[in-house]
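Index from 1, following the sequence. Counting starts at 1 for both ligands and their atoms, in listed order.
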Amino acid sequence: MKGTPLDPGGVTLDNSCVHYGDWVLLQDRRGRKYLFRLKEGQSFDHHRGSLKHEEILRAGYGSRITLGNGEPFSVHRPTLEDYVLYMPREATPTYPKDAAMITFLLDLAPGMQVLEAGSGSGGLTLFLARAVGPGGQVWSYESKARHQERAKRNLAAYMDSRETWGNVTFVLGDLREARLEPHSLDGVALDLMEPWTVLGNVVTALKVDRSVVAYLPNITQVVTLLEEVKQAGWPLQHERTLEVILRSWDVRPPIAHPDFQQVGHTAFLTQLRRLSG
Ligand SMILES: C[S@@+](CC[C@H](N)C(=O)[O-])C[C@H]1O[C@@H](n2cnc3c(N)ncnc32)[C@H](O)[C@@H]1O
């Protein structure tokens, strides 16, 4: 219907349409995923046969397609989770379940200003950029040029085939030495080994009552972080430390049980909230 939320512009929205240059995710019947971009004249090669990119383009997103030997694949537009899990990396990206929870703990909304360090491979950057939207801003600090380059390329490649958000500023440098405007940030996400070394610089830039979330693989890091906060006397209140436990199931009746292979531990998320003191 014209003018409804389903068709805001009065035009038919076709979500299945794929173009050369777009990202495509092929999924086999066991759930294995293959991420690549469609290129004219190229083929997708699998140990059971190959598929011309042209055939995938004609089939479109949301379709089923078969290899010459009958092996079925479904064709999808990769989600942000797919993209971050399968994109090239220098540093290990924040795991998507944790990146999603970080945007939630920071209570990010369109138009907000958020800072992160380090950029790494740009995984968390993408989640933050999507949460604050085109009217917001992500300041992404990274001390290693090689990592920053990878993050920039991953971001550009993701945006390429989509609307450009234009809301990420990459800064090459150590966050400890950054000159940040006081009370300018709605949130800070730290995915680095020693977050307590940058907190002193970040705390004054954070607006009162807003949060810093640190992503820490080891509980010993969480303990050190909380000790350092206490010792330094920063006006930060420990809100909570949590793990995001994701347990997938294999449901193909009569089979129905948790998957035998699971993602075990990734990291702890520690949320600290800025007080006015
Ligand atoms: C685990 S990676 C971050 C991964 C990133 N969150 C992602 O999703 O791709 C940690 C990064 O922090 C950077 N780093 C460590 N200490 C830093 C500091 N003081 N200032 C800026 N970057 C820092 C490292 O060089 C590394 O690239």
ILVMFWY network linking Val212 to Leu115, side-chain heavy atoms under 4.5 angstrom: yes
Between Tyr83 and Trp23, ring centroids under 6.0 Å: yes
Test of proximity, Met87 against ligand 1: N or O pairs below 3.5 Å: no
Under-4.0 Å heavy-atom contact with ligand 1, by part of His147 that carries it: side chain
Ser121 and ligand 1 - part of the residue with a heavy-atom distance under 4.0 Å: both
Heteroatom distance test (Gly122, ligand 1): nitrogen or oxygen, under 3.5 angstrom: yes
Main-chain N/O of Ile245 paired with Glu243 side-chain donor or acceptor, under 3.5 Å: no
Side chain, backbone, both or neither: Thr125 near ligand 1, heavy atoms under 4.0 Å: neither
Ser143 versus Asp174, side-chain donor and acceptor atoms under 3.5 Å: no
Polar side-chain atom of Ser16 near backbone of Gly60 as donor-acceptor pair, under 3.5 Å: no
Nearest neighbour of atom 23 (C) of ligand 1 from the list Pro195, Ser143, Ala267, on a heavy-atom basis: Ser143
Spacing of CD belonging to Gln221 relative to CH2 belonging to Trp196, to within rounding of 0.5 Å: 5.5 Å
Heteroatom proximity flag, Thr94 to ligand 1, N/O under 3.5 Å: yes
Test of proximity, Gly123 against ligand 1: N or O pairs below 3.5 Å: yes
Closest to atom 13 (C) of ligand 1 among Gln148, Glu177, Glu142, Glu116 (heavy-atom distance): Glu142
Within the 6.0 Å centroid threshold, strictly below: Tyr95 and Tyr215: no
Numbered atoms of ligand 1 (with element) below 4.0 Å of Val198, judged on heavy atoms: 19 (N)
Sub-4.0 Å heavy-atom approach of Gly173 to ligand 1: yes
CA sep, side-chain torsions, deciding dist, call: Leu190, Val213, side-chain contact (heavy atoms from CB on, under 4.5 Å): CA-CA 6 Å; Leu190 299 174; Val213 173; over 6 Å; no
Contact (N/O only, under 3.5 Å) between Leu175 and ligand 1: yes
Reference residue Glu90; test side-chain hydrogen bond (donor to acceptor under 3.5 Å, both in side chains); the match among His147, Arg146, Lys144: Arg146
contact_flag Ser119 ligand 1 heavy-atom lt 4.0 Å: yes
